[in-house]
Every structure is written in structure tokens, then in C-alpha cells.
Amino acid sequence: MGVLDGKVALITGGGKGVGFGIASALSKEGADIFICGRHEKPLAAAAEKLQANGVRAEYLVGNVSEADDCSTIVEACAERLGGVDILVNNANDAMPIPLLDVSDDDFTRFFRTGPLAVLRLMKACHPLMVARGGGSVINLVTSSAVRWDMATYGPYAAVKEATRSLTRAAGCEWGKDNIRVNAIAPHAMTPSLQWWTETYPEEAEAFVKSIPLGRIGDAEQDIGRIAVFLCGTDAAYLSGVTIPADGGHSRWG
């Protein structure tokens with residue numbers, strides 16, 4: 001018996017990295033999984049791996065920066081798996097870039113795939129969660145917003161901080177509906193981080209040494225298990241908060 005038996009989780013950007021790590025952790029606790037992303041190949045491979053955990057796993061190719069795609073993704077999840085109990089907003093198109101190098105088009109795109117998509121998906125899932133007696137939303141944010149040295153992180157952190165504000169507001173407004181909304185600020189090994197560590201080994205070694213726990217997090221065992229906790233009954237009195245899952249690297253508060 002898993003702590004999430006009978007639940008349905010919708011995870012954006014769930015084909016790889018942190019999104020897949022969360023999907024895998026939730027599926028191993030019994031949740032059926034619906035993942036979406038912009039590329040079919042990783043989604044299909046991820047769904048097959050998730051099905052091996054004994055749950056239903058479906059996927060849909062879609063771009064969360066498009067309003068119609070957000071609606072279609074939520075509708076498809078409800079049609080194929082019967083509803084939505086858990087929403088994980090993980091998809092992201094923002095990246096570190098110096099302020100003088102970011103264009104208006106870049107900044108606008110970052111917000112469309114970030115907080116605007118998060119807001120659209122939360123609003124679309126709200127009535128489905130209400131119909132099932134409540135639910136849990138997890139939004140992925142970043143600890144780069146609280147770094148002492150934020151050089152190159154301005155635009156990236158800006159969109160993530162906007163998402164944190166939406167998280168707090170939804171946690172306050174939707175508590176009456178038994179919908180809890182929290183955020184995770186993760187640091188975990190992803191394909192892009194793997195590339196960076198292999199390309200710049202000296203910088204990567206120095207970075208790992210700066211993490212108090214002495215290692216880069218695992219997308220499933222570290223970040224995914226926090227997601228399981230937030231979606232389960234052990235976190236029933238927790239809403240509107242950000243969990244810094246970065247090995248103690250950043251300083252919050």
C-alpha cells in the first residue's frame with residue numbers, strides 16, 4: 001500500500017530531470033501519473049518506466065506557454081485518469097543570463113512558461129480538485145533568489161519569485177477548498193547539470209564543496225520524496241510555504 005494510492009498526479013516537464021524524479025517517487029507510492037512536455041520521445045520513455053511501477057501513466061505533448069495547451073493538458077489528464085488530485089508545476093524555460101543580455105522577448109517568454117503557465121494550470125485544476133474533496137499543488141521555484149551573489153540569476157529568479165508569490169496567495173485563498181499549495185526550491189542532478197559538471201569539472205567540484213551536505217541532490221530520492229511528503233497526509237497542515245531542498249546551500253529567511 002502506498003501513501004498516494006488512488007491519487008492522480010499531473011506533472012509538467014515530467015519527461016526528465018526533476019520532473020521525472022518527482023513522477024517516479026509519486027508513482028512508487030501508488031499515484032497514477034500524467035506527464036507533459038514539448039518532446040514526445042522522452043515523455044514516451046518516461047511513461048513506460050512509470051508504468052513499470054504498477055500504476056497508470058499517460059503523457060501528452062504540449063507547451064505550457066500556450067493557454068490552449070494548458071487547458072488541453074488538464075482536460076486530457078481528467079479524461080484519461082479520472083481527475084486531478086496533485087499538480088506539480090515543474091516545466092521551465094528560464095535560464096541564467098546577465099541583465100544586459102536579456103531581451104524583452106526573452107523575459108516575456110520566461111514569464112509565459114513560468115508564473116503565467118503556473119496560474120493557468122492551477123486555475124484549470126482547481127474545480128477538478130474541489131470535485132475530489134481537495135488536492136495538493138507543488139510549484140518548483142529556486143534558491144538562486146536568495147543567493148548573496150545573484151549575478152546572471154536576475155531574470156531566472158524573478159520568474160521563480162513570481163511563482164512563489166502565486167504559491168503563497170493560492171495557499172491562503174484555497175485552504176477553504178482543502179487545497180494545499182506549496183513550493184520546492186530544488187537542487188538536483190539533471191541532464192543540464194550533468195553536462196555542466198562534465199564540461200567544467202573544476203568549477204563543479206568547487207560548487208559541491210560549497211554545499212553543507214557535500215553532494216548534489218538526487219531528483220527522485222531527495223526532491224521526489226519531499227514531493228511525496230507534501231502530497232501526503234503527514235503534511236496536511238502545511239500550505240503556502242517553500243521547502244529549500246538544496247543541501248543547506250542557500251540561506252532563507
Side-chain angles (χ1 to χ4, degrees), residues 12-19 21 36-39 42 62-70 88-122 138-170 183-213 215-217 219 223 241-253:
T12 69
K16 58 184 179 180
V18 170
C36 65
R38 291 179 295 180
H39 306 290
N63 187 341
V64 297
S65 70
E66 302 294 334
D68 288 345
D69 281 16
C70 287
V88 180
N89 282 305
N90 168 71
N92 170 60
D93 197 30
M95 65 188 73
I97 184 172
L99 295 177
L100 292 178
D101 294 339
V102 66
S103 67
D104 286 2
D105 287 344
D106 287 335
F107 204 48
T108 301
R109 187 180 78 253
F110 294 168
F111 269 88
R112 287 175 58 202
T113 58
L116 181 54
V118 167
L119 178 60
R120 286 168 171 165
L121 288 161
M122 288 199 303
I138 298 175
N139 296 323
L140 277 294
V141 294
T142 181
S143 60
S144 66
V146 295
R147 290 171 60 103
W148 289 113
D149 178 6
M150 277 194 62
T152 76
Y153 286 102
Y156 177 74
V159 301
K160 292 297 189 177
E161 284 295 273
T163 296
R164 282 220 307 145
S165 295
L166 293 174
T167 300
R168 178 61 179 157
I184 300 175
H187 187 267
M189 187 59 70
T190 63
S192 58
L193 185 57
Q194 183 68 45
W195 174 87
W196 182 76
T197 58
E198 294 173 353
T199 306
Y200 304 101
E202 293 182 3
E203 291 90 336
E205 182 180 1
F207 177 74
V208 171
K209 288 181 178 178
S210 72
I211 300 173
L213 292 185
R215 64 181 178 85
I216 295 173
I223 313 306
V241 304
T242 297
I243 306 295
D246 61 3
H249 185 256
S250 299
R251 295 296 175 262
W252 293 79

Please round to the nearest 0.5 Å and tell me the distance separating atom [atom1] of [X] and atom [atom2] of [Y].
X	Y	atom1	atom2	value
Met189	Ile216	CE	CD1	3.5 Å
Met122	Leu166	CE	CG	5.0 Å
Thr12	Leu121	OG1	CG	6.5 Å
Arg112	Glu66	CZ	CD	5.0 Å

Quiz item: Quick one: does Trp195's side chain get under 4.5 Å of Tyr200's, heavy atoms only?
Solution: yes

Quiz item: Do Arg38 and Asp93 have side-chain heavy atoms sitting under 4.5 Å apart?
Solution: yes

Quiz item: Under the 3.5 angstrom rule, does the side chain of Asn90 hit a backbone N or O of Gly13 as a donor-acceptor pair?
Solution: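 Side chain of Asn90 to backbone of Gly13, a donor-acceptor pair under 3.5 Å: yes, one is there.
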
Quiz item: Counting distance only, does the side-chain N/O of Asp246 pair as donor-acceptor with the main-chain N or O of Pro186 below 3.5 Å?
Solution: no

Quiz item: Are Asn92 and Leu140 close enough, and set up right, to give a side chain to side chain contact (heavy atoms under 4.5 Å, CB included), and what steps lead you there?
Solution: CA-CA 9 Å; Asn92 170 60; Leu140 277 294; over 6 Å; no

Those residues that, when tested against [X], pass side-chain contact (heavy atoms from CB on, under 4.5 Å) (two or more places apart):
X	value
Val241	Asn182, Leu238, Ile243
Arg215	Asp222
Ala67	Arg120

Might you point out which heavy atoms bring [X] and [Y] nearest each other, and give the distance in Å?
X	Y	value
Gly17	Thr190	CA-CG2, 4.2 Å
Ala185	Thr142	CB-C, 3.8 Å
Ile211	Gly247	CG2-O, 3.6 Å
Met150	Ala145	SD-O, 3.6 Å

Practice problem: Could you verify whether a donor N or O on one side chain and an acceptor N or O on the other, from Ser143 and His187, lie under 3.5 Å apart? | Solution: no

Quiz item: Side chains of Asn89 and Asn139: is there a donor and an acceptor less than 3.5 Å apart?
Solution: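 Judged by distance alone, the side chains do pair up.
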
Quiz prompt | Evaluation steps, side chain to side chain contact (heavy atoms under 4.5 Å, CB included), between Ile223 and Ile184 | solution = CA-CA 8 Å; Ile223 313 306; Ile184 300 175; 4.2 Å; yes

Quiz item: Counting heavy atoms not belonging to Asp101, are there more than 12 under 6.0 Å from its CG?
Solution: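 Yes - once you tally the heavy atoms of other residues, nucleotides and ligands closer than 6.0 Å, there are more than 12.
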
Quiz prompt | Contact list for residues 154-165, test side chain to side chain donor-acceptor pair (under 3.5 Å), sequence neighbours left out | solution =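 Matches after skipping sequence neighbours: Glu161-Arg164, Arg164-Thr242.
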
Quiz prompt | Residue pairs involving residues 95-115 (criterion ring-ring contact (aromatic ring centres under 6.0 Å, His included); sequence neighbours excluded) | solution =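 As it turns out, the ring-ring contact (aromatic ring centres under 6.0 Å, His included) pairs with a partner in residues 95-115, which skip direct neighbours, are Phe107-Phe111.
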
Quiz item: Just one of Asp106, Asp105, Thr113 clears the side-chain hydrogen bond (donor to acceptor under 3.5 Å, both in side chains) bar with Arg109, so which one?
Solution: Asp106

Quiz item: Tell me, which pairs form a salt bridge (Lys or Arg N to Asp or Glu O under 4.0 Å) where one or both residues lie in residues 191-207, sequence neighbours left out?
Solution: Glu205-Lys209

